[in-house]
J.: 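Just dropping this structure here.
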Amino acid sequence: MSASVQILQKIFGYQAFRGFQAEVIEAVTRGEDALVLMPTGGGKSLCYQIPALMRDGVAIVVSPLIALMKDQVDMLEDLGISAAYLNSSQTSEESQSVIESLFRGDVSLLYVAPERLMTSRMLAMIEQLPISLFAFDEAHCISIWGHDFRPDYGELTQIKERFPHIPRIALTATADPQTREEIAERLLINPKRFIASFDRPNIRYRMVEKTKGYLDEVADFITGEHMHESGIIYCLSRRKTEQVAQELQNRGVDALVYHAGLDQWERESNQNQFYERPCVMVATIAFGMGIDKPDVRYVIHLDMPKSIENYFQETGRAGRDGLPAEAVLYYGLEDVVQQRRLIDMSEAEDDYRLVMMAKLDAMLALAEDSGCRRERLLDYFGESTKHCDNCDNCENPPMTKDVTIEAQKLLSCVHRCYQTNGLGFGAGHVIDVLMGERNEKVLARGHDRLSTWGIGQGLSAKFWRKVLRQLIIKHYIQVRYELRNVLSLTGKARALLRGEESFFVRVEGMKKLSTRKALEHDDLNEDETRLFNELRAWRREAAQEAGKPPYLIFPDATLLQIAKLKPKTPEALMSVSGVGEKKFERYADAIFSMVAEY
């Protein structure tokens with residue numbers, strides 16, 4: 001048995017690695033750099049935690065999520081691993097205590113925010129420490145093309161220059177090909193690349209245009225099919241979360257609220273309750289990062305996410321146990337207007353705002369698309385698949401309209417504009433030319449003399465933008481972000497221009513949300529169900545005594561296995577996924593006592 005497998009089984013309580021975890025761990029332990037893309041719930045953290053225990057020194061883990069560092073450290077300490085964090089939430093005395101532990105060699109993993117790590121004082125300090133590796137979590141934050149760009153991450157490029165011989169691992173759940181390249185270039189040296197499939201086949205995707213009574217539809221969806229199951233509803237504003245939660249409560253739904261406007265005690269209380277029982281969390285996107293609740297049966301967006309990456313990450317919190325789950329998106333024109341206003345009001349650089357506008361358009365194009373949702377999602381991340389038969393468009397193909405001639409006109413106009421400078425122009429300018437506008441920019445470039453000027457008159461700018469979004473998401477047109485979102489044709493456009501293909505768009509008016517039971521009751525008999533509920537009640541009490549969230553004791557998946565297997569010997573309990581040596585020492589007696597009653 002390899003050393004990494006021994007650590008996996010004895011400390012973390014898992015019997016075997018998943019996917020390419022073992023290969024990543026081997027590469028980093030050897031001292032190589034690695035780029036790891038793995039969907040939410042895929043087990044990214046083990047890819048740096050185990051090498052940190054196998055190499056000498058302290059692992060520096062960079063995370064942008066200060067609020068989650070304590071949870072990560074608590075989880076590791078509960079497994080008997082020495083871990084600590086340094087961030088702005090600590091007093092000077094607490095920080096000094098951590099620093100002293102570092103110099104004594106008592107810490108295996110140190111979590112730190114990028115802005116703290118890159119201070120001259122912190123860099124000078126870690127240069128005096130033996131470092132085993134650097135792990136960059138949420139690595140997409142370093143890229144302007146990523147969905148969550150953070151300027152603080154930009155300084156991290158210095159790490160590979162100052163510590164070239166220390167291995168680095170960059171990890172993220174969502175990054176398109178362009179973002180991956182920037183991560184590798186800025187953070188790593190000749191990295192090995194590990195790209196997992198982005199497919200979550202157990203999630204059923206549905207996207208519905210908002211109508212006047214859409215909140216009634218959501219309530220019926222929950223009370224009719226998922227009344228006693230856990231779910232998350234995302235809203236853009238704090239006010240809306242409270243309004244939706246109240247409406248659900250009025251209908252008898254166990255609904256909680258989570259947003260940044262609540263005081264810390266209420267946020268933590270609601271989050272703990274979400275782990276303890278089946279209920280609905282109505283939240284802003286501040287809720288969910290780091291969630292380890294495996295039995296979330298549905299995620300509903302009541303406002304459109306700002307990018308496909310955000311959508312994929314947020315819907316990925318459903319069905320982490322691999323059982324059927326639902327992802328439902330409601331969207332409308334007001335969502336796009338609101339998101340664009342937020343982008344315009346941001347203090348970000350112009351180039352970044354342009355990138356976010358393009359990503360928002362790609363998200364809208366996905367919602368408007370008439371093809372397989374999963375096929376479009378995976379295509380966005382550079383992965384191909386066939387129709388899934390597990391999304392609304394596959395199950396109930398929408399009505400479409402043939403706009404082949406209009407698409408040809410738009411492609412021709414993009415090409416004619418491109419020919420005038422060899423670089424291309426943005427969407428607004430191309431549509432102005434197409435519609436025969438004579439504004440200053442069109443006249444200054446002589447584009448009123450192009451053969452395509454005015455060939456799109458008689459149709460609205462809204463229509464042309466919809467066709468353009470579909471041409472982009474289906475790769476007939478490429479957007480060059482680095483040149484301020486200019487447009488140019490891809491090789492795929494030739495067949496459509498020649499009339500060898502037809503092009504369709506979805507007509508206005510979406511079908512209402514259809515219903516289908518996502519999951520039958522777990523396959524536990526009556527006694528096993530009672531034992532499972534008793535285990536959950538015990539876990540809640542143990543978590544309260546320890547001052548930890550319940551999932552840090554054991555996740556539901558582990559309790560379900562215990563209820564099913566009813567282990568009566570140490571060997572049997574240690575074979576349950578999630579039960580390592582430390583957890584066995586701490587909790588075995590209580591578990592054996594409860595099992596003995598059944």
Side-chain angles (χ1 to χ4, degrees), residues 37-42 44 138 140 146-148 172-176 196-210 214 218 221-222 225-226 229-236 241 244 258 274 280-331 335 339 359-360 362-369 371-381 383 385 388 390-395 473 513-514 516 518-519:
L37 271 80
M38 196 181 287
T40 302
K44 292 187 294 296
E138 308 294 340
H140 58 268
H147 64 287
D148 195 20
T172 180
T174 46
D176 60 20
S197 172
F198 284 87
D199 193 13
R200 294 287 303 280
N202 61 313
I203 297 179
R204 179 193 189 202
Y205 297 102
R206 294 188 277 179
M207 300 182 183
V208 186
E209 194 169 20
K210 289 180 184 176
Y214 78 99
V218 171
F221 170 75
I222 295 171
E225 299 182 8
H226 301 281
E229 296 174 336
S230 293
I232 303 172
I233 298 178
Y234 284 116
C235 305
L236 193 58
T241 64
V244 171
Y258 188 101
F274 181 70
V280 183
M281 184 67 85
V282 187
T284 58
I285 59 171
F287 178 76
M289 296 300 291
I291 277 186
D292 200 26
K293 186 175 172 68
D295 60 343
V296 174
R297 296 270 63 88
Y298 58 90
V299 170
I300 301 175
H301 284 86
L302 296 187
D303 299 298
M304 193 169 69
K306 60 185 179 181
S307 70
I308 291 177
E309 289 94 336
N310 285 94
Y311 174 74
F312 182 81
Q313 191 174 64
E314 289 151 20
T315 56
R317 290 158 196 162
R320 291 178 60 159
D321 53 10
L323 298 173
E326 307 261 6
V328 181
L329 166 66
Y330 283 90
Y331 75 97
D335 295 342
Q339 289 281 16
K359 287 185 177 292
L360 179 60
M363 183 66 232
L364 179 58
L366 174 65
E368 292 175 335
D369 191 67
C372 171
R373 304 290 191 191
R374 195 176 315 276
E375 190 175 4
R376 293 288 171 257
L377 263 176
L378 297 182
D379 185 56
Y380 182 84
F381 292 111
E383 185 178 343
T385 188
C388 69
N390 194 28
C391 73
D392 54 350
N393 284 350
C394 284
E395 292 178 347
I473 203 169
L513 180 66
S514 60
R516 183 188 71 182
L519 180 67

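Residue numbers count from 1 along this sequence. Please read these numbers as outputs of a predicted model, since none were measured by experiment.
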J.: How long is the span from the CG atom in Asp176 to the CD1 atom in Ile308, to the nearest 0.5 Å?
T.: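 Going from CG on Asp176 over to CD1 on Ile308, the span is 9.5 Å.
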
J.: Check side-chain contact (heavy atoms from CB on, under 4.5 Å) between Asn393 and all other residues, then give those that pass, not counting sequence neighbours.
T.: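 Only Arg373, Cys391, Pro398, Arg506 meet the side-chain contact (heavy atoms from CB on, under 4.5 Å) criterion with Asn393.
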
J.: Sub-3.5 Å donor-acceptor pair from the side chain of Asn202 to the main-chain atoms of Leu323, do we have one?
T.: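 Judged by distance alone, yes, a pair lies under 3.5 Å.
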
J.: When you measure from the side chain of Arg297 to the backbone N and O of Pro324, does any donor-acceptor pair fall under 3.5 Å?
T.: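 A pair under 3.5 Å: yes.
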
J.: Hey, could you give me the CG/CD1 distance between Leu236 and Ile285, rounded to the nearest 0.5 Å?
T.: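 The CD1 atom of Ile285 is 8.0 Å from CG of Leu236, to the nearest 0.5 Å.
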
J.: Side chains of His301 and Glu314: do they bring a donor and an acceptor to under 3.5 Å?
T.: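 Short answer, yes.
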
J.: With sequence neighbours excluded, what pairs up with Phe312 under the ring pair (Phe, Tyr, Trp, His ring centres under 6.0 Å) test?
T.: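 Phe312 satisfies ring pair (Phe, Tyr, Trp, His ring centres under 6.0 Å) with Phe198, Phe381 once adjacent residues are dropped.
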
J.: Within this structure, what is the CE-CZ distance for the pair Met207 and Arg376, rounded to the nearest 0.5 Å?
T.: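 The CZ atom of Arg376 is 12.0 Å from CE of Met207, to the nearest 0.5 Å.
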
J.: How long is the gap from CG on Leu366 to OH on Tyr311, to the nearest 0.5 Å?
T.: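 Those atoms lie 7.0 Å apart.
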
J.: Please report the C-alpha distance between Arg317 and Tyr234 in whole Å, then the side-chain angles of each, then the deciding distance to 0.1 Å, and finally whether the side chain to side chain donor-acceptor pair (under 3.5 Å) criterion is met.
T.: CA-CA 12 Å; Arg317 290 158 196 162; Tyr234 284 116; 2.9 Å; yes

J.: Side chain to side chain donor-acceptor pair (under 3.5 Å) between Glu368 and Tyr331: does it pass, once the steps are laid out?
T.: CA-CA 10 Å; Glu368 292 175 335; Tyr331 75 97; 5.7 Å; no

J.: So, does Lys210 use its side chain to make a donor-acceptor pair with the main chain of Leu302 at under 3.5 Å?
T.: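 Indeed, once roles are kept as given, a pair shorter than 3.5 Å links the two residues.
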
J.: Determine whether a donor-acceptor pair (N or O, by modelled atom type, separation under 3.5 Å) exists between the side chain of Arg204 and the backbone of Asp392.
T.: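 Answer holds: no.
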
J.: Short question: side chain of Asn390, backbone of Pro201 - any donor-acceptor pair under 3.5 Å?
T.: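 Answer holds: yes.
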
